[in-house]
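Just so we're clear, the structure is a prediction, and the values are computed from it rather than from any experiment. Here is how names work: the chains are called A, B, and so on, in the same order as the sequence lines, proteins then strands, and each is numbered from 1.
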Amino acid sequence: MNLKNIQKCTSLLNHSLHIFSSTSNTMIRKLTSYSLPPNSTNSKFAISNSNLKQALLEMAFQGTEMKFEGYDLLLNECVSQKGLIEGQRVQAHMIKTQYLPPVYLRNRLIVFYTKCECLEDARMVFDEIPERNVVSWTAMISGYSRRGYASEALVLFVEMLKSGIEPNEFTFATVLTSCSGVSGLLHGRQIHSHIIKLSFDAHVYVGSSLLDLYAKTGWIHEARVVFDGLPERDVVSCTAIISGYAQLGFDEEALKLFCQLQEEGMISNYVTYASVLTAISGLAAYEHGRQVHSHVLRFQLPSYAVLQNSLIDMYSKCGNLTYSRRIFDNMSERTVITWNTMLVGYSKHGRGQDAVKVFELMREENKVLPDKVTFLALLSACSHGGMENRGLEFFDEMVRGKTGVEPDIGHYGTVVDLLGRAGQIEKAFKFVKDMPFEPTGAIWGSLLGACSVHQNVDIGQYVGSQLLIIEPENAGNYVVLSNLLASAGRWNEVRVVRDMMMEKAITKEPGKSWIELDKTIHTFHADDRSHPQKEEVAEKVREMSVKVREAGYVPNLSCVLYDVDEEQKGKMLLGHSEKLALAFALMCTPQKRPIRVMKNLRICVDCHNFAKFVSKIYEREIYLRDKSRYHHIVDGVCSCGNYW
DNA sequence: GGCTCCTTAC
């Protein structure tokens, strides 16, 4: 567009200021301020391959009279290209040529503005529609909901009902996404009955949205009922229910359903794979993970960052950091989650140096800014990797406002962990007392753990008493505290703590371990009597126990929290689920093959020690993943350095 | 013309 046209366009737009009153003054002022066309080579339309659209746009800029079809085409293009300036010009053109757009075009304008993240402008258009129809309302509700303005969306939905416009399947599918949290469930239920009343409950999109809402608020059973009741299923509804299970930690159910639906012919998309990979990561079901990856490669799905990120996470949680890093290195566009996932991977594997290197790479590239999670992962990597000073330096940078991320309670917690792990109990204790937040159960808990490892009974006793006030229901706290007191011979206090525990009838989350064999998950509970091969497993454990004792293993009886005699304690230790899983793995896998055992809680000291002996005697590499990190045990030595 | 599912940390 030449200079003459630019001038013409500008003066025409300036004219519009006083001519039209149908659009509010602020809007006109805003639009006229955009009246200078951008350099046409920079314009998104300049690279658009449609000559027609280009011609139309230039006509519009020059003030040529336009009709419905022209505006329609242009706005459509503006929406898909997210061309904010171009779209504003199109609206400016309507104003200046006194064109009064029908509802249809005004709805297009709402969509255009919401897609360009200009919600206020969208609302202005919405407010000025003389006869709003169901599409106008839905478009505006969708705009609010997409941008995270849930309550605005709900308010508008209620206004819509009051105004007498009846919602349809589009409206319901949209408005349900604005219901989340506890109050969301309440609204969701009300909307659900409305849906049934108006007979939209058989609609797939509505159903997907509805079941997703139930899943997100924790009502997975209701979600499943909605899913099973759908007359037809599509990828999205299937993904929603799989993801629902995975998000709530029902990993086995998620994976099972995925396999079942796949057999029934479901064609997955990248969201489905990302969702099921979350479950696979939780289970560390390596064989399933590899299979999903090969599916992704075979079907040549485009390299969506979301999918790549979940693959990185899957490999890291299945113990194969090399593959994680390979995918990471091959990515052309990394998001902050990509970097975080890689950092978390190194952190969980105790590879602090590598984590710091990745973080430095992130800073050098300077394409993506670190966020809260980045620093959480970085600090925890320093902590697990024994890099106390490096961690403190990073934290100091945060406190001095040099990182763009303000430290929150979570970051303070990792510093407590860092100091405690390094044996600086007093410093850690002072840090907790001086920090600008009220200490949480997690923070006292990590400090208590450190006191226990480094045998600081005095601070430990104080920390423990604080912890029992905040988290009286957490059995683990009682166990650690009573063991610490026992190790110092303070038997009376041990008795008090144990009595408190019994009195409050605290139930510990049942420990379980599992392994994957030929894509089947075998789960073991302590003293398992349910596994079909329980006899052989028990026999194998006895055999292992004899062999490791010969090699110098001594049972650590303090890991038993029940008040029974020593012989009984020894027997109970051998019933721990990770030992059963280990035994089963030795029985069922060929010699020399690495063993991968997963545990839902933190591994106990005795089992850790036991596994080290097993790795040496049976010549097996053992990958042991517990709740907080990875233990890679080779020839009797663990990557965690005996501290976790 | 306006719909649904999405990866990291606790």
Open item on the list: For the CE atom of A/M342 and the CG atom of A/D313, what is their distance to the nearest 0.5 Å?
Closed with: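 Between atom CE of A/M342 and atom CG of A/D313 there are 10.5 Å.
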Would you indicate what [X] reaches in the nucleic acid, counting non-hydrogen atoms under 4.0 angstrom: base, sugar-phosphate, or nothing?
X: A/V336; answer: nothing
X: A/R146; answer: sugar-phosphate
X: A/V103; answer: base
X: A/K627; answer: nothing
X: A/K115; answer: nothing
X: A/N133; answer: base
X: A/T278; answer: sugar-phosphate
X: A/T177; answer: sugar-phosphate
X: A/D72; answer: nothing
X: A/F172; answer: nothing
X: A/T341; answer: sugar-phosphate

Side chains of [X] and [Y] only: does a donor on one sit below 3.5 Å from an acceptor on the other?
X: A/Y315; Y: A/H293; result: yes
X: A/T335; Y: A/T338; result: yes
X: A/S347; Y: A/S380; result: yes

Task: Side-chain donor/acceptor of A/R147 to backbone N/O of A/T114, under 3.5 Å - done: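 Not at all, since once roles are kept as given, no pair shorter than 3.5 Å links the two residues.
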Open item on the list: Distance under 4.0 Å to a non-hydrogen atom of chain A counts as contact; along DNA chain B, which nucleotides mark the start and end?
Closed with: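 So the outermost contacting nucleotides come out as B/dG1 to B/dC10.
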- [ ] Kindly indicate, with the supporting measurements, whether the criterion salt bridge (Lys or Arg N to Asp or Glu O under 4.0 Å) is fulfilled by A/E365 and A/R334.
- [x] CA-CA 11 Å; A/E365 273 198 19; A/R334 301 189 187 108; 3.2 Å; yes
Can you give me every donor-acceptor pair (side chain of residues 223-231 of chain A, partner residue at least two apart or in another chain, under 3.5 Å) with its distance?
| residue | atom | partner | partner atom | Å |
| --- | --- | --- | --- | --- |
| A/R224 | NE | A/D228 | OD1 | 3.2 |
| A/R224 | NE | A/D228 | OD2 | 3.3 |
| A/R224 | NH1 | A/Y245 | OH | 3.0 |

